[in-house]
Every structure is written in structure tokens, then in C-alpha cells.
Amino acid sequence: MTAQVFTVTSGKGGVGKTTAVANLATALAMDGKRVVCIDGDIGLRNLDVVMGLENRIVYDIVDVIEGRCKLKQAMIRDKHYPEMYLIPAAQTRDKNAVSPSDMVRICNDLKPDADFIIIDSPAGIERGFRNAIAAADRVLVVTNPEVSAVRDADRVVGILEAEEKSNPALIINRLNPALVKNNDMLSAEDVLDLLGIRLIGIVPEDENVIIGSNRGTPIVTDAKSRAGMAFRNIARRLQGDDVPFMDLAPQSGLWNAIQRLAGRK
């Protein structure tokens, strides 16, 4: 097998990028896939907390790069899904400790034994972002439906085009249909018009997402959660399945428009 490498990024911090990584990885593992997550946010690691693995860290990605351990020694096996692993970021180093070529080499070493490698990129467009996208086969851009987040996401999309990382896909996170209906939040259609990239998922607002992240239990494991279902659907789309978008606001007709726009390049 040769893994597909997905980098999950955003222009603005706080939009739920790390939560998306944990949930997508868990959903893929629930589907029986072998998944490796890499925390690319050197100096500010959080993916281990969201996955509930913070107490298991012995080595990190910088230890691998600088030769203090082998790659497999830094891979933390998930507590619930034995085919899912995390390679944590270093907490006491800066982003210059990792180069784009380092990330490519690590991903190439992982590819033969995995189905998916998911890299959690730091927010923004600096060195850490460029490290995180270097090995990516595809990039997923996460944004909230608010003007500042969409503006920053647009900057990221422009850089991806310049770096020849073509065909990025969009995840709109924390959309609240009631606020959209009252014109207090950008609609998914507005975001798509502004960014002009393919939509791969819309995750509705759900306070249980934060609760699950704080407990190290991704919401995707909750069969009753609409947000969890949205992440499971995105994971299926990453595997090539044709999955309809959930009808979050049937009274508005908005979601029929999204179905038409979702396949747009």
C-alpha cells in the first residue's frame, strides 16, 4: 500500500483545524484504514490532547529528524484504534527545527505501511505551513463562515496555487443554519463564491465538539452527533465515495444550491 498524504490547514487560528484532523483520522480508522497523524505545529502542539494521547509522548518529530530515535519509536498508537498512530510535535523547539525536505522524507518512510497520512498544519502562511504542505498529495482548507477567516483562507488558497498544490478542498466548520437564516453569518454558498474551490464538507455548530476535544474523545465517535456525521461523511469522500451533503436547513433551499456547487472546481 502507498498512503495518500493530506495536509489540513487554515489561514486563521481557532477555526477548528486540529479538531478536524483528529476527527477525520478517527473516522478513517473506524473504517478500518491504517492512519498516521503528524502534528506539524512545532512549539505549539495540541493534536495529542485532542486525541487523548498527551500522557503517552516519549519522543516527537524533532527527535526523529535529529536522530535521537527511530521513526517507529515516535509513533504513538491510539488507545481505541490500533491502526491509528500519532507523531507529536516538539513543544520546546521552533518551526525551524523541521524543513520541508524533512517532512517529505518522513512521509515517504511512512507511506508503504499506511493508507492515509494526515498532517496538522500550523495556522498562517509562515515556515510551519510550508513544511506541512511539502509532502501533501492534497490539501484541505478549513474555515469558519466569518469574513476574517474566509479572507485568510483565500490567502492560503493563493499560496497553494503558487506552490502548485492544485485542487485544494474546502471544509466549512461550525456553520450555524439559524444565524445564516437571519443573515448574521455567511452562508456556505457565500464562502464558496468567495474562495472558488471544491467543497468537501460542512460541519454544523455543535458544543459537544469542544467537550469531546477536551476529553480526548473526537465527536466522530458519537453516532448521534450531526457534527460527527459530517466528519464521517468527509472521511468517506476522502476515500472516493460519493456522499450527499446533509440537509442542515431544509426550509431555506440553501442545501440544494450547495449540492449543485459542491463539485465545482
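Positions are given from 1 along the sequence.
Under a 4.0 Å N-O distance rule, the pair Lys12/Asp152 does not qualify as a salt bridge. Lys165 has no carboxylate O lying under 4.0 Å from a charged side-chain N of Glu163, or vice versa, which leaves the two without a salt bridge.
Inter-residue side-chain proximity for His80 and Thr26 is flagged as unmet; no heavy-atom pair is nearer than 4.5 Å. Between Ile38 and Cys107, the closest side-chain pair of non-hydrogen atoms falls below 4.5 Å. Side-chain atoms of Asn108 and Val104, non-hydrogen and from C-beta on, do get closer than 4.5 Å to each other. Side-chain contact between Met103 and Thr7: absent, with no pair of heavy atoms (C-beta onward) separated by less than 4.5 Å. You'll find the side chain of Asn23 stays beyond 4.5 Å of the side chain of Val203, heavy atoms only. At a threshold of 4.5 Å between non-hydrogen side-chain atoms, the residues Val139 and Val156 do not count as touching. The shortest distance between side-chain heavy atoms of Leu24 and Phe6 does not fall below 4.5 Å. Using a 4.5 Å heavy-atom threshold, the side chains of Asp41 and Ser121 count as separate.
In this structure, Ile234 is a member of the same hydrophobic cluster as Leu28, with clusters built from ILVMFWY side-chain heavy atoms closer than 4.5 Å. Connection of Ile76 to Ile119 is not established within any shared hydrophobic cluster, with ILVMFWY side chains joined at heavy-atom distances below 4.5 Å, either directly or through further cluster members.
Although no hydrogens or angles enter the test, the distance criterion places a donor-acceptor pair under 3.5 Å between the side chain of Arg237 and the main chain of Pro244. Of the possible polar contacts, none joining the Asn144 side chain to the Arg174 backbone as a donor-acceptor pair under 3.5 Å is found. Between the side chain of Asp39 and the backbone N or O of Leu47 there is at least one donor-acceptor pair closer than 3.5 Å. One N or O on the side chain of Lys79 and one on the backbone of Gly52 form a donor-acceptor pair closer than 3.5 Å. One N or O on the side chain of Asp137 and one on the backbone of Val5 form a donor-acceptor pair closer than 3.5 Å.
Under the side chain to side chain contact (heavy atoms under 4.5 Å, CB included) criterion, Asp94 pairs with Asn96, not counting sequence neighbours. Contacts of Glu54 classified as side chain to side chain contact (heavy atoms under 4.5 Å, CB included), with partners at least two apart in sequence or in another chain: Asp48, Val49.
Taking CZ of Arg56 as the reference point, atom CG of Leu86 lies at 11.0 Å (rounded to 0.5 Å). Atom CD1 of residue Ile171 and atom CZ of residue Phe231 lie 7.0 Å apart, to the nearest 0.5 angstrom. Taken from CD1 in Ile172 to CG in Leu192, the straight-line distance is 5.0 Å, to the nearest 0.5 Å. Taking CG from Asp113 and OH from Tyr85, the interatomic distance works out to 9.5 Å, rounded to the nearest 0.5 Å. Distance check: Ser99 OG to Asn131 CG gives 6.5 Å after rounding to the nearest 0.5 Å. From Thr9, atom OG1 reaches atom CD1 of Ile159 across 9.0 Å, with rounding to the nearest 0.5 Å.
The only option from Leu71, Val98, Asp60 that meets the side chain to side chain contact (heavy atoms under 4.5 Å, CB included) definition with Ile65 turns out to be Val98. Among Val191, Asn167, Asp154, Val157, the one residue that satisfies the side chain to side chain contact (heavy atoms under 4.5 Å, CB included) test with Ile197 is Val157.
Note on residues 222-235: pairs passing side chain to side chain donor-acceptor pair (under 3.5 Å), not counting sequence neighbours, are Asp206-Ser225.
Side-chain polar atoms of Glu146 and Ser148 form a donor-acceptor pair below 3.5 angstrom. The closest side-chain donor-acceptor pair between Asp190 and Ser187 falls under 3.5 angstrom.
Surrounding CG of Asp242 are at most 12 heavy atoms belonging to other residues, nucleotides or ligands under 6.0 Å away. A 6.0 Å sphere centred on CZ of Arg155 holds no more than 12 heavy atoms belonging to other residues, nucleotides or ligands.
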Next item on the list: May I have the step-by-step check of side chain to side chain contact (heavy atoms under 4.5 Å, CB included) for Val35 and Asp115, ending in yes or no?
Entry: CA-CA 6 Å; Val35 186; Asp115 296 306; 5.9 Å; no

